[in-house]
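One structure below.
Residue numbers start at 1 and run along the sequence shown. Both ligands and their constituent atoms are indexed starting at 1 by order of listing. Excluded from the calculations below are hydrogen atoms, water molecules and symmetry mates; all remaining heavy atoms, backbone and side chain alike, are included.
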Amino acid sequence: MNKHNILVTGGAGFIGSHLVRHLVGKYPDRTTVNLDKLTYAGNPANLRDIESAGNYVFVRGDICDAALVADTIRRYNIGAIVNLAAETHVDRSIDDPSVFARTNVLGTLTLLQVARDCWGGEAADKRFYQVSTDEVYGSLPLGGGAFSESSPYAPHSPYSASKASADHFVRSFGDTYSLPTLISNCSNNYGSYQFPEKLIPLMVNNIRLDRPLPVYGSGLNVRDWLHVEDHVEAIDLILHNGRPGETYCIGGSNERTNIDLVRLLVRTTDRLLGRSEGTSERLITFVGDRAGHDMRYAIDSSKLRRELGWQPLRTFEEGIEQTVAWYLENIEWLDSVTSGDYMHYYDRMYSGR
Ligand code: NAD
Ligand code: DAU
């Protein structure tokens, strides 16, 4: 891949903001353009520290808007598209799947069509990179196996069904139109700037506010946690050194049950708040299970490690400590993103459980 400018979609969200900051810092002679609709999950404040960098451009807009996408690709001479723009919360997809189909499926299809048309016969050194999820592979039993690039697709939630559909479209554009595509399927990320509807920031925020800590079902579901900056480094490697047409699985090899993780968050948050460790255990509340709740995810990332030399650099213990500390040092950020209709959403989501 040559040294074209990069279009990141969804760059004002959790992973996108870390990726944009990384690209802007690492590639000063290339422009990184961030196209983001700024839904409830997108927040320009996530990128305040780099917003005046000379090689950064923000475009507010929708990936479903073909004219805007085409104009952005041409205006900024874009040669690589990294698509992170998506509706991402499983519970919201159960509540209202239609926006997931629109953004995640039709939005990705729009980007693919516009990239194909703008790049035409010059596409060979360009890249279309789809950032996808391990949830497309469905659920594993407790205690055995891991997803890899050859695992069959078996999505269970409207969210994962929409991401799976997008992956199929991406692959089809490689096969049908020779668009140089890349896909990665990553496990659960954690770190700063994650919207507090997701497990880790939701728990930290509720612990500090002395609110109930809702644990779905038995609490024995397992997730494989990876620090967001390790994910970003994998995306950079795959974008620049991955083989077009290939898929790469990314995971932390770091499985935890939800209840063990919530207890760790309670201990860490209590300690950092100066409370005696475990005070907030009493807030743990088992609530009704998520519909279609996947039991376990685990990722075998040996292809990425072997072919591109990637390995996660952060340990979970250090990463969680730093992450909890970040949320507690950024109460203003937490308060700002949980204002507006957040509590309305939160109460509706949890009152039925
Ligand atoms: P997020 O919800 O924090 O951010 C999504 C961003 O996309 C927001 O900035 C939002 O404004 C933007 N967006 C939404 N709809 C848009 C549209 N129609 N046009 C333009 N922008 C739009 O998401 P995240 O957790 O950072 O996830 C980013 C990507 O990574 C998603 O594609 C997700 O499926 C994938 N992923 C996430 C995880 C994870 O653990 N968070 C793991 C694997 C893969
Ligand atoms: O695996 C990658 C995926 O990880 C991404 O593709 C998704 O975009 C991202 O949201 C995440 O999905 P999960 O559903 O695994 O994440 P979430 O934080 O919503 O939930 C993690 C686990 O914790 C899950 O088993 C449900 C449970 N949970 C979640 C919340 C919000 C609770 O027990 N209580 C809660 O309040």
Cation-pi, Y248 ring and K303 (6.0 angstrom, 45 degrees):
yes
Candidates I299, L35, I63; heavy atom nearest atom 19 (N) of ligand 1 found on I63
Does the N or O separation between D62 and ligand 1 drop below 3.5 Å for any pair?
yes
Quick check: does T39 get an N/O under 3.5 Å from an N/O on ligand 1?
yes
Identify, for atom 42 (C) of ligand 1, the protein heavy atom at the shortest distance, and state residue, atom and that distance.
S187 O, 3.4 Å
May I ask you to list the atoms of ligand 2 that are less than 4.0 angstrom from any heavy atom of H89?
19 (O)
So, does C64 sit close enough to ligand 1 that a heavy atom of it is under 4.0 Å from the ligand?
no
Applying a 4.0 Å heavy-atom criterion (strictly less than), which segment of K163 is in contact with ligand 1: side chain, backbone, both, or neither?
side chain
If you have a sec, work out which protein heavy atom is nearest atom 16 (O) of ligand 2 and how many Å separate them, to one decimal?
N188 ND2, 3.5 Å
If every non-hydrogen atom of N83 is compared with every non-hydrogen atom of I63, which pair is closest and at what distance?
OD1-CD1, 4.2 Å
Note: L38, heavy atoms under 4.0 Å from ligand 1, region reported as backbone
Quick check: closest heavy atoms across G138 and Y297, and the distance to 0.1 Å?
O-CE2, 3.2 Å
For T133, the ligand 2 atoms whose distance to one of its heavy atoms is below 4.0 Å
1 (O), 2 (C), 3 (C), 5 (C), 6 (O)
Flag side-chain contact, heavy atom, 4.5 Å: Y193 against I15:
no
Aromatic plane relationship, Y327 with W333 - under 30° parallel, 30 to 60° tilted, over 60° perpendicular
tilted
Cut-off 3.5 Å, side chains only: do D167 and S132 have a donor facing an acceptor?
yes
N/O to N/O below 3.5 Å, does that happen between Y159 and ligand 1?
yes
Under the criterion side chain to side chain contact (heavy atoms under 4.5 Å, CB included), I'd like the reasoning laid out for I81 against W119: C-alpha separation, chi angles, the key distance, then a yes or no.
CA-CA 11 Å; I81 299 172; W119 291 341; 3.9 Å; yes
What about D36: any of its N or O atoms under 3.5 Å from an N or O on ligand 1?
yes
Ranked by distance from atom 44 (C) of ligand 1, the top protein heavy atom is S132 O, 3.1 Å
Consider ligand 2: state whether an atom of it lies below 4.0 angstrom from any non-hydrogen atom of H293.
yes
Ion pair K163/E87, N-O distance below 4.0 Å:
no
Hits for ring pair (Phe, Tyr, Trp, His ring centres under 6.0 Å) against F195, two or more places apart or cross-chain, chain-then-number order -> Y40, Y342
Relative to ligand 1, is T103 under 4.0 angstrom through side chain, backbone, both or neither, heavy atoms considered?
side chain
I'd like to know if W225 and V266 are part of one continuous hydrophobic network [Ile/Leu/Val/Met/Phe/Trp/Tyr, side-chain heavy atoms within less than 4.5 Å].
yes
Only heavy atoms count here, so choose which of I15, T88, L68 is nearest to atom 1 (P) of ligand 1.
T88
Would one find an N or O of Q194, backbone or side chain, under 3.5 Å from an N or O of ligand 1?
no
Note: heavy atom closest to atom 14 (C) of ligand 1, options A86, A166, G10, belongs to A86
Would you say C186 has any N or O atom under 3.5 Å from an N or O of ligand 1, going by distance alone?
no
With heavy-atom distances below 4.0 Å as the criterion, list the atoms of ligand 2 near L199.
18 (O), 21 (C), 23 (O), 28 (N), 29 (C), 30 (C), 31 (C), 32 (C), 34 (N), 35 (C)
Among Y190, W326, F316, which residue satisfies the ring-ring contact (aromatic ring centres under 6.0 Å, His included) criterion with H227?
Y190
